[in-house]
Every structure is written in structure tokens, then in C-alpha cells.
2 protein chains.
Amino acid sequence: MEPVALSWHREERADAARNRAHLVEVAREMVAELGADRVTMDGLAERAGLGKGTVFRRFGTRSGIFHALFDEEEKHFQRQLISGPPPLGPGAPPVERLLAFGRARIEFLVSHTTLARAALDIGRPVPGRSPMLFHVQVLLAEARPDDAKSGALALQLVAALEGPILLYLQSEDDEPGFEVDDLVASWQLLARRVTAPTAAPPARR
Amino acid sequence: MEPVALSWHREERADAARNRAHLVEVAREMVAELGADRVTMDGLAERAGLGKGTVFRRFGTRSGIFHALFDEEEKHFQRQLISGPPPLGPGAPPVERLLAFGRARIEFLVSHTTLARAALDIGRPVPGRSPMLFHVQVLLAEARPDDAKSGALALQLVAALEGPILLYLQSEDDEPGFEVDDLVASWQLLARRVTAPTAAPPARR
DNA sequence: AACTGAAGCGGACTGTACCCCGCTTCTCAA
DNA sequence: TTGAGAAGCGGGGTACAGTCCGCTTCAGTT
């Protein structure tokens, strides 16, 4: 009888895992040293002492590398959300948590802008099942159980949060653009108003 | 006395303008025929009977081509905003216009997704002075003169509108993802609540 | 320990975005 | 009409992302 595949994913082989870890480490060095845009696949492979094929096998695409790097940072952030102290973590009322989330997320993204942007891959868009999305959706549902059924609202709030930094705003140098505090304040305004109890029944039409 | 440069931009030379127009035309054909991702600079140059250098001189970058194509569509859209019939154009109360804008913009982006995405260029982000941003900012200021001072709110609402389509959503094929109607409905909810008269004075803190 | 199929590896190869620079064409003023 | 300088043009050159496939290494099995 042939072995039944219980998990969809066979474990990564030991040497492969070793190489992945090493590549991530070297990549981080190179990003720190040269900036993300000067990191090339060939350069990374060479400096890591591995073949180019290996790099691509591990990360699939150039932005895959930055995605991997960024993901490590994300994990720290997510840990705050699920087991950190309130109001960011559990234990505060949903709206409070939403507001805290907004500030924390914006500050996080601002301090990781280059990586976050380098990790973006147009054509293969951000996975629909992102933890950020889920988090906002849950909080939203707690705060206003009536709406938010489709998840579109959560998606849009996340986009309102991340879009300006990922997509629209000149990251650094030259003119000021927007201040972080403005973004935080106005997202919090948005979140508060969306979750505020509706005074009158929703307008006809 | 040497001539003073009154405008920052000397007019484009006649042959150059001719070439640009021709390139745009050929590019549009090729996009329709092959899909945006199979349009190459060399291919475009060859099919247009021009040198590769010329293509780059005119559009600067690959996504520049799609940007040019997309801009033409945008112009039609913007015309609706500034001189079309209400509620999209002028003549309706601001909140009505905002709601109409949301629907129109989402439908517009959905029907031009591939071009819009191809026009995206990470690294050189969307110009801060976009007409969309301005439009939303004005309507917002009319509806709620008290807040929206920094413009961040308008930016975030635009991001909420465009982000899901440009960045987060799998554009076509496979599973449903989100329905356009969900996006429209929930953005309108967002817009309505943000502009709704606040019941109580803004919460302390 | 030896075997074996799967997983991983390397690096030559390909396609393409973007640069460069000598040559051509335009524009405008005299 | 012509001369001069600027703007535009072409296409070969470069660098890099991503593919391919024959060889090597691993990890269970006997």
C-alpha cells in the first residue's frame, strides 16, 4: 500500500532550509548595505556562495526575497496583535483596538517602507487572506455586527491604511508630503466614524 | 538679449509629437491584440517602424507606455467629473457626488484593470497631485468643512477606493474574490458615515 | 550499508528593459 | 535661404530576471 500524503506539503529538506536561512541572512546584509534596489539575484547568489538557480528555487522571484525579509518583520508585528498588551492586543474594546492598530500599523509601515515596497509584486497581488485583513474584519464585526458582512469594508479600511504608504506617497526626501501623524489621525477619524453607532436609521435610497 | 524661458517646458517638436501619437496608437493595438504583458519595447518599436531609443525617449519606462494609454481613458473619466451631468458632475450635493464618484470610479477601474495595473510603477509612486485626490478633497471639504484639513483623509478614501483593485484583488479568473457591488456598497457606506453629521461632539481624548 | 526516488543544485542560456552616443532632422532667427 | 544649435533618432551594448536540465545530495527503506 502506498503511503498516503497526509499533509499537502512535504517538509523542506535540511540542506534547503539551511540555504534559505543563509540567503535570508545575506540578503538582509545586502539590503542594509546597498539598499533594496541594488540587490540583484546574481549578486545575492554569488555573495551567498550559491547558484542562481537556488536563489530562484527558494524565493521564486526577486520580490520574493524582500517578501521573505518583510515577513519576518511582520511576524513580530502580528505577535503584538494576538498576544501583546492592550489596546493593541486582546483585552480592550474593539474600537479602541482598531484605533491602536491604525497607529501601530502606520508606524510599522513607515519604518519598513522600502522593504514593504520592494516586496510588492504587481501581477501577483497581495494574498486575499492576509492576517491584517482578518484582524480588521474581526474587530469591525465586533464593533458593528450589522454591517461588514462581505469583508469589503475591512479590505477598504486596510487599503486606506496601507495604500498611502505603499502606493501613493513619495517615501522620503524632497518635500514633506504627509506627516505620519496626519495619516494616523485621519485613519482614526475614519475608523471611529465607521464604527460609531448610527444616529438615525440608514438613509433611505 | 537672450530669450527668457517663460514656460518650463519647451514645446515638443512636431516630428516627436507625431511619433508619440503613432506609438500610442500602435501600443493600443498591441495591448488589445496580445495583452499588456506581452507588449515589449522592442516589439512596439519594431511594429511602429521606429527605433527602440525613440520609444524610451518618449515614455521613459515600460510602464510609461501603459500610463500614457491609461491617461487617455482617465481624461474621459475626469471630463465626467467636471462637466458631466449630476450627480457625478457638478450640481448635486457633495455627499451625493461622492457616492456617485465611488461607483463610477470603481466601475471605471474594473473595466480598465489591466491597463491601470500595468501603468503602476513602484518606486516612482502615483503623483501626489492627482485629480482624483483633488476631487475627493473638495467634496469632502464641502460636506464637512470642519475636518479634512490635511488632505490625508481624502488620500485614504481614494486609497480605499483604488487600493483593492490596483493592489489587493486578484483581477480575474478563478475564485470570485469580491463582487464589484460589494466594493461599491461598502465604499459608499464608508463615505456616508465619514461625512455624516456627528451625533455627539467628538469623543474626548 | 546499499539502494532509490525525490528534492535540490548550479550555471549556462534567453528575453527584455533600459543606456549611450554619434548621426540626423527640426526650428528659428538673421 | 541658410546657418547653428537644440532636439530627436536609431540600434548596438549592458545588466539583470527568470528558465532549463543534467548532475548531486538527501532521507527514508530494506
Side-chain angles (χ1 to χ4, degrees), chain A residues 1-24 26-27 30-31 34-68 118-124, chain B residues 1-24 26-27 30-31 34-68 118-124:
Chain A
M1 183 188 281
E2 64 180 18
V4 178
L6 283 184
S7 76
W8 218 235
H9 244 356
R10 292 185 73 84
E11 203 56 55
E12 189 171 72
R13 235 168 65 175
D15 52 346
R18 204 160 41 239
N19 282 342
R20 149 170 284 131
H22 182 219
L23 282 169
V24 165
V26 172
M30 290 183 76
V31 168
L34 311 170
D37 46 354
R38 272 182 234 172
V39 174
T40 75
M41 300 305 256
D42 296 88
L44 174 57
E46 185 177 11
R47 179 145 161 187
L50 294 168
K52 196 167 33 151
T54 306
V55 178
F56 276 95
R57 166 170 293 265
R58 284 302 127 220
F59 299 106
T61 185
R62 180 186 141 88
S63 53
I65 288 177
F66 304 112
H67 188 79
L120 271 190
D121 189 6
I122 316 286
R124 263 147 278 277
Chain B
M1 182 186 281
E2 65 178 20
V4 178
L6 283 183
S7 74
W8 218 236
H9 245 354
R10 292 184 72 83
E11 202 57 56
E12 190 170 71
R13 234 167 66 175
D15 51 346
R18 204 159 43 240
N19 282 342
R20 146 170 285 131
H22 183 220
L23 281 169
V24 165
V26 173
M30 291 183 76
V31 167
L34 311 169
D37 45 355
R38 272 182 234 172
V39 174
T40 73
M41 300 305 259
D42 296 29
L44 174 57
E46 185 177 11
R47 180 145 161 188
L50 293 169
K52 216 188 334 181
T54 307
V55 179
F56 276 95
R57 165 171 294 264
R58 283 303 126 221
F59 299 106
T61 184
R62 181 184 140 88
S63 53
I65 288 176
F66 304 112
H67 188 80
L120 271 189
D121 189 6
I122 315 286
R124 265 145 278 277

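Lettering of chains follows the sequences in order, A, B, ..., and the numbering in each one begins at 1. Scope of the values below: all heavy atoms of this structure, side chains included, with no hydrogens, waters or symmetry mates.
- The residue A:Arg58 sits close only to the backbone: its heavy atoms come under 4.0 Å of sugar-phosphate atoms, none of a base.
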> If the sugar-phosphate is the primed atoms plus P, OP1 and OP2 and the base is the rest, what is the B/S/- string for nucleotides 18-26 of chain C, using protein heavy atoms under 4.0 Å?
Replying inline: B------BB

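- Atom CD in B:Glu46 sits roughly 14 Å away from atom C1' in C:dG15 (whole-Å rounding).
- Rounded to an integer number of Å, the gap from CZ of B:Arg38 to P of C:dT16 is 11 Å.
- Here A:Asp15 pairs with A:Arg13 under the side-chain hydrogen bond (donor to acceptor under 3.5 Å, both in side chains) rule; sequence neighbours left out.
- At whole-Å resolution of the value, CZ in A:Phe66 and C1' in D:dA17 are 12 Å apart.
- For A:Asp37, the side chain to side chain contact (heavy atoms under 4.5 Å, CB included) criterion is met by no residue, not counting sequence neighbours.
- Not counting sequence neighbours, A:Arg62 has no partner by the side-chain hydrogen bond (donor to acceptor under 3.5 Å, both in side chains) test.
- One can place CD of A:Glu12 at 15 Å from C1' of D:dA27, the figure rounded to the nearest angstrom.
- Across the protein-nucleic acid pair, A:His22 atom NE2 and C:dG8 atom P stand 18 Å apart, rounded to whole Å.
- Summarising the geometry, the separation between CG on A:Leu44 and P on D:dC16 is reported as 13 Å, rounded to the nearest angstrom.
- Considering only heavy atoms from C-beta on, B:Met41 comes within 4.5 Å of B:Ile65 through its side chain.
- You'll find that the side chain of A:Thr40 is closest to D:dC16, out of D:dC9, D:dC16, C:dG8.
- Residues meeting the side chain to side chain contact (heavy atoms under 4.5 Å, CB included) test with A:Val39, sequence neighbours left out: A:Met30, A:Val31, A:Phe66.
- Here A:Thr54 reaches the OP1 or OP2 of C:dG10: one of its side-chain N or O atoms lies under 4.0 Å away.
- Rounded to whole Å, the distance from CZ on A:Phe59 to P on C:dC9 is 11 Å.
- Listed by chain and residue number, A:Asp42 satisfy the side chain to side chain contact (heavy atoms under 4.5 Å, CB included) test with A:Thr40 (two or more places apart in sequence, or in another chain).
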